[in-house]
Amino acid sequence: MSMNVTGLTLSVSTLLLAALPLSAQAHEVAGGEHGPSVVSLDWGAADTLDELGLAEHLVGVPHQSAPAYVSHLIKDRADVGGLKEPDVEAIAGLEPDLILVTGRQSGSLEALKAVAETRDVTLEEGNYFEAFSDKVLSLASPYHAEEKAHDHLAALESAIDTAREGLVNDLRVLVVTHNDGRYALRNEPVVTELLQIEQPALPDSVEPVSRGARTFYPLTPANIAEMAPNALYVVDRSAAIGQTPMDADALEAALADAGGADIGVTVLSPGLWYLSGNGLQSVRAQMNEILEGL
């Protein structure tokens, strides 16, 4: 059924939608036949939706933790608190159809589930690119955008193959996390699986430290010098969470004192590596940062 008004044909559903408040209109469009409206507490999921041309469905993101590369996504979108402490009340006010979470939100998970369907987008264990592809396709599925997702994954895989071909032989790279003046081994599948760059073996003197279900391998500059990587990359957790950043000059001096003066040190973008990742945009950006540092 339709009505002809001053030469324009308006459907009844369009007239009803026009009578709603703007916030309700946005929710109706996003949550109807076009796909679910989304609050994303995972920046990798948010950057994937953006890459697939689906950012219009994002209604809320955590402003305070936005890495620079996704800063455009906070414009005109509601702030839903922090990554570890989301604002459940603000999220409920948005009436989203779907909330995307990871393990970071475990403390708020039950409260979020009471608001809307909540989906954990943490990558499954196993082959990294396969798990990453599954995540991308699962995000595209509600919008019937799987074909576009496959195209983007194919383009990324081609870029990875090209990058591998350009790497020198016998390259060894080490990635560590900095936290309040201390360093620990960081396993980065972008480096070891996608680019297939070898990680030097840990010295026998390095003892693992367990905290709950997680195991850490603390490293000193002397340990790093003994491992003798061609390049050292640092993910600065302290800087990412607003604490005192690492002193790169002090680290280079300590490495030199330990016999590692030839080790190139690159401090990676803290927000990109510590607060994000596992997204179509973030994986490509991470790969580019590694390549630029070699």
Side-chain angles (χ1 to χ4, degrees), residues 42-44 47 62 64-72 82-84 104 128 159-160 163-164 166-168 171-203 206 209 214 216-279 281-294:
D42 173 60
W43 282 114
D47 81 48
Q64 66 194 62
S65 65
Y69 84 102
V70 284
S71 59
H72 63 287
L83 283 177
K84 293 198 72 172
R104 275 191 167 111
Y128 179 77
I160 293 168
R164 286 177 185 166
L167 296 174
V168 299
L171 186 62
R172 303 193 321 154
V173 164
L174 179 63
V175 184
V176 300
T177 300
H178 165 262
N179 183 31
D180 193 24
R182 300 181 298 274
Y183 301 92
L185 177 70
R186 186 179 181 93
N187 292 312
E188 278 297 342
V190 169
V191 176
T192 57
E193 292 194 47
L194 299 189
L195 294 175
Q196 295 182 355
I197 301 175
E198 182 183 355
Q199 175 181 280
L202 287 169
V206 174
V209 175
R214 303 180 66 186
F216 299 85
Y217 291 87
L219 295 174
T220 65
N223 296 145
I224 296 170
E226 184 179 352
M227 296 171 76
N230 299 108
L232 172 66
Y233 292 94
V234 183
V235 176
D236 192 353
R237 176 187 183 275
S238 296
I241 63 174
Q243 297 179 355
T244 304
M246 66 166 283
D247 186 334
D249 291 338
L251 174 58
E252 290 178 344
L255 288 171
D257 289 343
D262 294 334
I263 299 173
V265 179
T266 299
V267 181
L268 299 168
S269 299
L272 172 64
W273 288 84
Y274 189 75
L275 301 177
S276 188
N278 302 328
Q281 293 179 9
S282 47
V283 165
R284 188 180 286 270
Q286 288 174 339
M287 186 174 70
N288 288 341
E289 282 203 352
I290 295 298
L291 296 173
E292 289 169 3
L294 295 175

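- Of all non-hydrogen atoms in Pro218 and Phe216, the two that sit nearest each other are CD-O, 3.5 Å.
- When every heavy atom of Ile224 is checked against every heavy atom of Pro229, the shortest pair comes out as O-CD, 3.4 Å.
- Taking CG of Leu202 as the start and CG of Leu219 as the end, the distance is 6.0 Å to the nearest 0.5 Å.
- In this model, a donor atom of one side chain and an acceptor atom of the other lie less than 3.5 Å apart for Arg186 and Thr177.
- For the atom pair CG (Leu83) and OG (Ser65), the distance works out to 3.0 Å, reported to the nearest 0.5 Å.
- Contact between Gly44 and Ser282 at its shortest, heavy atoms only, is CA-OG, 4.2 Å.
- The shortest side-chain heavy-atom distance between Leu171 and Glu198 does not fall under the 4.5 Å cut-off.
- Summarising the geometry, atom OG belonging to Ser238 is positioned 9.0 Å from atom OH belonging to Tyr274; distances are rounded to the nearest 0.5 Å.
- Side-chain contact check for Thr266 versus Ile290: every heavy-atom pair is 4.5 Å or farther apart.
- Side-chain atoms of Arg237 do not come within 3.5 Å of backbone N or O of Asp180 as any donor-acceptor pair.
- Nearest heavy atom pair, residue Ala240 against residue Gly271, reads CB-N, 4.5 Å.
- With rounding to the nearest 0.5 angstrom, the CZ atom of Arg104 is 8.5 Å from the CG atom of Asp42.
- The closest side-chain heavy-atom distance from Leu255 to Leu232 is below 4.5 Å.
- Going from atom CE of Met227 over to atom CG of Leu174 covers 4.5 Å, rounded to the nearest 0.5 Å.
- Among Gln286, Glu188, Glu289, the single residue meeting the side-chain hydrogen bond (donor to acceptor under 3.5 Å, both in side chains) criterion with Trp273 is Glu289.
- In this structure Thr220 satisfies the side-chain contact (heavy atoms from CB on, under 4.5 Å) test together with Ala222, Asn223, sequence neighbours excluded.
- Looking at Val173 and Leu195, their side chains never come closer than 4.5 Å, going by heavy atoms from C-beta outward.
- Of the possible donor and acceptor atoms, none in the side chain of Tyr128 sits under 3.5 Å from a partner among the backbone N and O of Leu194.
- Closest non-hydrogen pair, Ile263 versus Ala228, comes out as CD1-CA, 4.5 Å.
- At a cut-off of 3.5 Å, with distance as the only test, no side-chain donor of Tyr69 or Ser269 sits close to an acceptor on the other residue.
- A heavy-atom distance below 4.5 Å is not found between the side chains of Val70 and Ser276.
- Residues passing the ring-ring contact (aromatic ring centres under 6.0 Å, His included) test with Tyr183, sequence neighbours excluded: His178.
- Checking side-chain atoms of Asn230 against main-chain N and O of Arg172 turns up a donor-acceptor pair under 3.5 Å.
- Contact annotation: the side chain of Trp43 approaches that of Pro62 to within less than 4.5 Å [non-hydrogen atoms, C-beta and beyond].
- Leu294 places a side-chain heavy atom less than 4.5 Å from the side chain of Leu167.
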